[in-house]
**Q** 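One structure, as C-alpha coordinates, below. Some questions next.
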Amino acid sequence: MTKPPVEPFYTTQEVAGLFRVGPNTVLRWAVDGHIPSILLPGGQRRYRVRDIDPMLRPPGARRDLPPRALGALAAVVRTYFGGSTDAAAEALTQLATPPDDRH
(Lines give C-alpha, C1' and ligand atoms only; values in the text may rest on other atoms or scores of the structure.)
Protein backbone atom coordinates (compact mmCIF):
# COMPACT_ATOMS: atom_id res chain seq x y z
CA MET A 1 0.00 0.00 0.00
CA THR A 2 1.48 3.34 -1.01
CA LYS A 3 1.08 6.48 1.02
CA PRO A 4 -0.40 9.55 -0.66
CA PRO A 5 2.13 12.33 -1.25
CA VAL A 6 2.53 14.72 1.66
CA GLU A 7 1.61 18.28 0.78
CA PRO A 8 4.37 20.80 1.62
CA PHE A 9 3.61 23.59 4.08
CA TYR A 10 5.34 26.73 5.33
CA THR A 11 5.44 27.84 8.95
CA THR A 12 4.51 31.39 9.92
CA GLN A 13 8.21 32.19 10.34
CA GLU A 14 9.03 30.88 6.86
CA VAL A 15 6.25 32.91 5.24
CA ALA A 16 7.46 35.99 7.12
CA GLY A 17 10.95 35.42 5.71
CA LEU A 18 9.65 34.99 2.18
CA PHE A 19 7.68 38.23 2.30
CA ARG A 20 10.30 40.06 4.37
CA VAL A 21 7.80 40.96 7.10
CA GLY A 22 7.45 39.99 10.75
CA PRO A 23 5.62 36.86 11.91
CA ASN A 24 2.92 38.99 13.56
CA THR A 25 2.18 40.58 10.18
CA VAL A 26 1.73 37.14 8.62
CA LEU A 27 -0.58 36.09 11.46
CA ARG A 28 -2.62 39.27 11.00
CA TRP A 29 -2.89 38.61 7.25
CA ALA A 30 -4.10 35.07 8.01
CA VAL A 31 -6.63 36.15 10.62
CA ASP A 32 -7.92 38.92 8.32
CA GLY A 33 -8.27 36.42 5.46
CA HIS A 34 -5.63 37.98 3.19
CA ILE A 35 -3.70 34.72 2.94
CA PRO A 36 -5.11 31.21 3.36
CA SER A 37 -3.88 29.23 6.34
CA ILE A 38 -4.64 26.12 8.31
CA LEU A 39 -5.09 26.47 12.05
CA LEU A 40 -3.64 23.50 13.89
CA PRO A 41 -5.12 22.16 17.16
CA GLY A 42 -2.21 23.66 19.15
CA GLY A 43 -2.93 27.15 17.78
CA GLN A 44 -0.09 27.28 15.25
CA ARG A 45 -0.77 28.05 11.62
CA ARG A 46 0.54 26.41 8.48
CA TYR A 47 0.44 27.78 4.96
CA ARG A 48 0.24 25.60 1.86
CA VAL A 49 3.21 26.10 -0.45
CA ARG A 50 0.79 26.00 -3.39
CA ASP A 51 -1.10 28.99 -1.89
CA ILE A 52 1.93 31.10 -0.95
CA ASP A 53 4.31 30.62 -3.88
CA PRO A 54 1.97 32.16 -6.49
CA MET A 55 1.68 35.29 -4.31
CA LEU A 56 5.43 35.71 -4.56
CA ARG A 57 5.40 35.58 -8.35
CA PRO A 58 3.93 38.60 -10.09
CA PRO A 59 2.26 37.87 -13.45
CA GLY A 60 4.91 37.17 -16.05
CA ALA A 61 7.64 36.52 -13.45
CA ARG A 62 10.27 33.91 -14.13
CA ARG A 63 9.24 30.54 -12.75
CA ASP A 64 12.77 29.23 -12.29
CA LEU A 65 13.66 31.61 -9.44
CA PRO A 66 13.45 30.25 -5.90
CA PRO A 67 10.56 31.51 -3.75
CA ARG A 68 12.93 33.37 -1.40
CA ALA A 69 14.37 35.38 -4.30
CA LEU A 70 10.88 36.13 -5.56
CA GLY A 71 9.86 37.23 -2.07
CA ALA A 72 12.75 39.69 -1.99
CA LEU A 73 11.80 40.98 -5.42
CA ALA A 74 8.16 41.38 -4.35
CA ALA A 75 9.30 43.30 -1.25
CA VAL A 76 11.39 45.69 -3.37
CA VAL A 77 8.48 46.32 -5.73
CA ARG A 78 6.13 46.91 -2.78
CA THR A 79 8.56 49.16 -0.89
CA TYR A 80 10.07 51.27 -3.66
CA PHE A 81 7.44 51.20 -6.38
CA GLY A 82 4.17 51.14 -4.42
CA GLY A 83 3.47 47.60 -5.63
CA SER A 84 3.49 48.62 -9.29
CA THR A 85 5.41 46.13 -11.42
CA ASP A 86 5.01 48.52 -14.36
CA ALA A 87 6.82 51.29 -12.44
CA ALA A 88 9.59 48.87 -11.46
CA ALA A 89 9.98 47.69 -15.08
CA GLU A 90 10.14 51.31 -16.29
CA ALA A 91 12.85 52.15 -13.75
CA LEU A 92 14.88 49.11 -14.79
CA THR A 93 14.45 50.00 -18.46
CA GLN A 94 15.75 53.50 -17.73
CA LEU A 95 18.77 52.03 -15.94
CA ALA A 96 19.50 49.67 -18.84
CA THR A 97 19.20 52.38 -21.51
CA PRO A 98 22.40 54.26 -22.38
CA PRO A 99 22.19 57.94 -21.30
CA ASP A 100 22.21 59.31 -24.87
CA ASP A 101 19.27 57.05 -25.87
CA ARG A 102 16.98 58.13 -23.01
CA HIS A 103 13.98 60.34 -23.72
**Q** With the side chain counted from C-beta on, respond yes when Tyr10 and Leu18 share a heavy-atom pair under 4.5 Å apart, and no when they do not.
**A** yes
**Q** Could you give all pairs that pass the salt bridge (charged side-chain N to carboxylate O under 4.0 Å, His left out) test and reach residues 30-49, with sequence neighbours left out?
**A** Glu7-Arg48, Arg48-Asp51
**Q** Side chain to side chain contact (heavy atoms under 4.5 Å, CB included), that's the test. Do Thr25 and Phe19 meet it? Break it down for me.
**A** CA-CA 10 Å; Thr25 300; Phe19 284 101; over 6 Å; no
**Q** Less than 4.5 Å apart, any side-chain heavy atom of Tyr47 and any of Ile38?
**A** no
**Q** What distance separates Met55 CE from His34 NE2, expressed to the nearest 0.5 Å?
**A** 10.5 Å
**Q** Between Ser37 and Ala30, which heavy-atom pair has the shortest distance, and what is it?
**A** OG-CB, 3.6 Å
**Q** Using 0.5 Å steps for rounding, measure from the OG1 atom of Thr12 to the CD1 atom of Ile35.
**A** 8.0 Å
**Q** Going hydrophobic residue to hydrophobic residue with side-chain gaps under 4.5 angstrom, can you get from Val49 over to Ile52?
**A** yes
